[in-house]
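What follows is a set of notes on a single structure, which appears directly below.
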Amino acid sequence: MINDNMLEEISQIMENQFIFNENKNIFCNTNQLLFHKDTVNKVLKFRENLCDISLEQITHLAYKYQNNFLSQFYMINQYTYFNEESLQNIRNIFISLINELQEVSIPIEDIESRHYNRINTFIKLSNPSIFEINQNDNEISKQFVCAQYTGEFLCDLLDIDVSNIKGLVLDIGCGLDGNLVTYLRKMNIEANGIDRKTNAPGCTSIDWFMFDYDFEKWDLIISNLSFSSHFLYHHLYNEEISNQYASTYMKILSSLKKNGQWVYAPSIPFFEDVLPKQLYKIERNPIDSEFLKTTITKI
């Protein structure tokens with residue numbers, strides 16, 4: 001087992017390496033992914049000691065690597081999706097890196113090449129659309145990043161009258177700071193939120209596919225530039241994930257109380273138009289010249 005200082009140093013090297021490769025296009029026709037010279041120098045210093053690293057320590061670092069990996073890709077493209085199997089694959093990429101570093105006979109340059117080839121192959125298989133839009137000469141990755149709007153702005157944008165809100169509210173895709181949830185809670189409204197990563201009171205860090213929406217629980221559900229925009233994106237690029245969105249969409253509808261509403265933007269006409277009209281009232285209204293918002297009321 002290596003000591004805590006060395007474990008922390010490895011962790012810091014890993015984080016700095018992610019920062020070094022931040023925003024780089026991994027599929028650029030000229031290779032963009034490299035170990036920073038500081039990474040190489042520091043790894044060479046303690047490489048022989050890696051034989052003493054314990055399984056527990058490797059697992060600890062693998063989860064840190066996974067979290068850095070996810071943050072990096074979500075920051076660049078909010079539509080990136082990783083399921084549970086993908087998360088294990090990300091950790092395995094790191095474990096393979098450690099295993100190769102333990103073999104001191106393998107040149108660092110070869111390890112670098114193998115490591116980034118594994119990442120490229122993994123992204124091609126797990127998120128082929130990322131590969132499709134980035135296989136070019138651009139050194140910077142194409143970005144799809146969502147903004148964190150204030151709660152007051154969101155209510156105004158979606159035409160939600162706070163004074164008329166009664167009962168339980170859920171914000172799907174609440175964001176890191178849960179601005180809408182915080183705003184509504186200050187109005188003494190029982191609001192909750194979910195997102196892949198969030199730190200706000202009343203909000204839960206969870207994949208919206210995994211969340212238990214329950215049955216006839218919510219009086220109002222809100223999702224702006226989150227669930228529906230992801231649904232639209234994957235409808236174009238990934239049938240398997242699109243089917244997951246369709247299934248989750250119906251779970252969300254089932255979680256509405258009678259007369260409960262789901263307000264979201266952008267609209268999803270191709271799916272909304274096939275919903276049973278005797279169960280749901282569907283209204284679409286323009287937000288601007290490009291986007292429509294949808295209000296679904298459970299009858």
What class does the angle between the rings of [X] and [Y] fall in, given that below 30° is parallel, 30 to 60° is tilted and above 60° is perpendicular?
X: Phe122; Y: Phe82; result: parallel
X: Tyr65; Y: Phe69; result: tilted
X: His234; Y: Tyr245; result: parallel
X: His235; Y: Phe270; result: parallel

Distance alone, cut at 3.5 Å: any donor-acceptor contact between the side chains of [X] and [Y]?
X: Asn25; Y: Asn138; value: no
X: Thr295; Y: Glu283; value: no
X: Gln12; Y: Asn16; value: yes
X: Gln88; Y: Asn92; value: yes
X: Thr294; Y: Glu272; value: yes
X: Trp262; Y: Ser223; value: yes

**Study point:** Residue from Tyr81, Tyr233, Tyr237 passing side-chain hydrogen bond (donor to acceptor under 3.5 Å, both in side chains) with Ser129
**Key:** Tyr233
Would you find a donor on one side and an acceptor on the other, under 3.5 Å apart, between the side chain of [X] and the backbone of [Y]?
X: Asn3; Y: Met6; result: yes
X: Asn83; Y: Glu85; result: yes
X: Gln261; Y: Asn259; result: no
X: Lys293; Y: Asn285; result: no
X: Lys257; Y: Trp218; result: no
X: Ser229; Y: Ser226; result: yes
X: Asp156; Y: Glu152; result: no
X: Asn179; Y: Tyr149; result: yes
X: Arg47; Y: Leu101; result: yes
X: Asp195; Y: Thr198; result: no

Heavy-atom distance under 4.5 Å between the side chains of [X] and [Y], does that happen here?
X: Lys197; Y: Leu176; result: yes
X: Ile26; Y: Ile123; result: yes
X: Ile53; Y: Gln102; result: yes
X: Ser11; Y: Leu61; result: yes
X: Tyr213; Y: Ile172; result: yes
X: Asn23; Y: Ile76; result: yes
X: Phe94; Y: Tyr63; result: no
X: Tyr183; Y: Val162; result: yes

Could you tell me which non-hydrogen atom of [X] sits nearest to which non-hydrogen atom of [Y], and how far apart they are?
X: Arg196; Y: Thr80; value: NH1-O, 2.8 Å
X: Ile189; Y: Gly167; value: CG2-O, 4.5 Å
X: Asp219; Y: Leu168; value: OD2-N, 2.8 Å
X: Arg185; Y: Ala191; value: NE-O, 2.8 Å
X: Gly193; Y: Cys174; value: C-SG, 3.8 Å
X: Ala62; Y: Ile95; value: CB-CG1, 4.3 Å

Exercise for review: Could you go through the salt bridge (charged side-chain N to carboxylate O under 4.0 Å, His left out) check for Arg284 and Asp273 one step at a time?
Suggested key: CA-CA 11 Å; Arg284 287 195 286 263; Asp273 289 345; 3.1 Å; yes
Study note, to complete from the structure: dist Ile10:CD1 -> Asn5:CG (nearest 0.5 Å) comes out at 11.0 Å
**Study point:** Asn224 CG to Leu180 CG distance, which is reported to the nearest 0.5 Å
**Key:** 9.0 Å
Could you tell me if [X] sits above the aromatic ring of [Y], with its cationic atom closer than 6.0 Å to the ring centre and no more than 45 degrees from the axis?
X: Lys298; Y: Phe215; answer: yes
X: Lys24; Y: Phe27; answer: no
X: Lys124; Y: Phe131; answer: yes

Establish whether [X] and [Y] are linked, either directly or via other cluster members, by ILVMFWY side-chain heavy-atom contacts under 4.5 Å.
X: Ile268; Y: Trp208; answer: yes
X: Leu87; Y: Ile206; answer: no
X: Tyr264; Y: Leu256; answer: yes
X: Ile108; Y: Met14; answer: yes
X: Ile222; Y: Leu170; answer: no

**Study point:** Ring centroid separation Phe271 to Tyr249 under 6.0 Å
**Key:** yes
Check your understanding: Does Tyr79 have its ring centroid less than 6.0 Å away from the ring centroid of Tyr74?
Key -> no
Review point. Knowing that exactly one of Glu100, Glu109, Glu103 qualifies, which makes a salt bridge (charged side-chain N to carboxylate O under 4.0 Å, His left out) with Arg114?
Key: Glu100
Exercise for review: Using the side-chain contact (heavy atoms from CB on, under 4.5 Å) rule, take Leu7 and His60 through it: C-alpha gap first, then chi angles, then the decisive distance, then the call.
Suggested key: CA-CA 10 Å; Leu7 190 69; His60 169 76; 4.0 Å; yes
Check your understanding: Should we count CD of Gln278 as having more than 12 external heavy atoms under 6.0 Å?
Key -> yes
Review point. What do you reckon, is NZ of Lys186 surrounded by more than 12 foreign heavy atoms closer than 6.0 Å?
Key: no
Point to revise | Ile296/Leu253 under side-chain contact (heavy atoms from CB on, under 4.5 Å): CA gap, chis, key distance, verdict | key: CA-CA 9 Å; Ile296 297 184; Leu253 289 183; 3.9 Å; yes
Exercise for review: Verify side-chain contact (heavy atoms from CB on, under 4.5 Å) between Asn77 and Lys142, making sure each step is shown before the conclusion.
Suggested key: CA-CA 8 Å; Asn77 191 327; Lys142 187 173 179 62; over 6 Å; no
**Study point:** Worked check of side chain to side chain donor-acceptor pair (under 3.5 Å) between Gln32 and Thr30
**Key:** CA-CA 6 Å; Gln32 298 300 302; Thr30 56; 3.2 Å; yes
Exercise for review: Apply the test side chain to side chain donor-acceptor pair (under 3.5 Å) to residues Asn21 and Tyr116: give CA-CA distance (whole Å), side-chain angles for both, the deciding distance (0.1 Å), then the verdict.
Suggested key: CA-CA 11 Å; Asn21 283 327; Tyr116 289 119; 2.9 Å; yes
Exercise for review: Please assess Glu132 against Gln135 for the test side-chain contact (heavy atoms from CB on, under 4.5 Å), listing each intermediate value before the final yes or no.
Suggested key: CA-CA 6 Å; Glu132 290 174 18; Gln135 190 183 23; over 6 Å; no
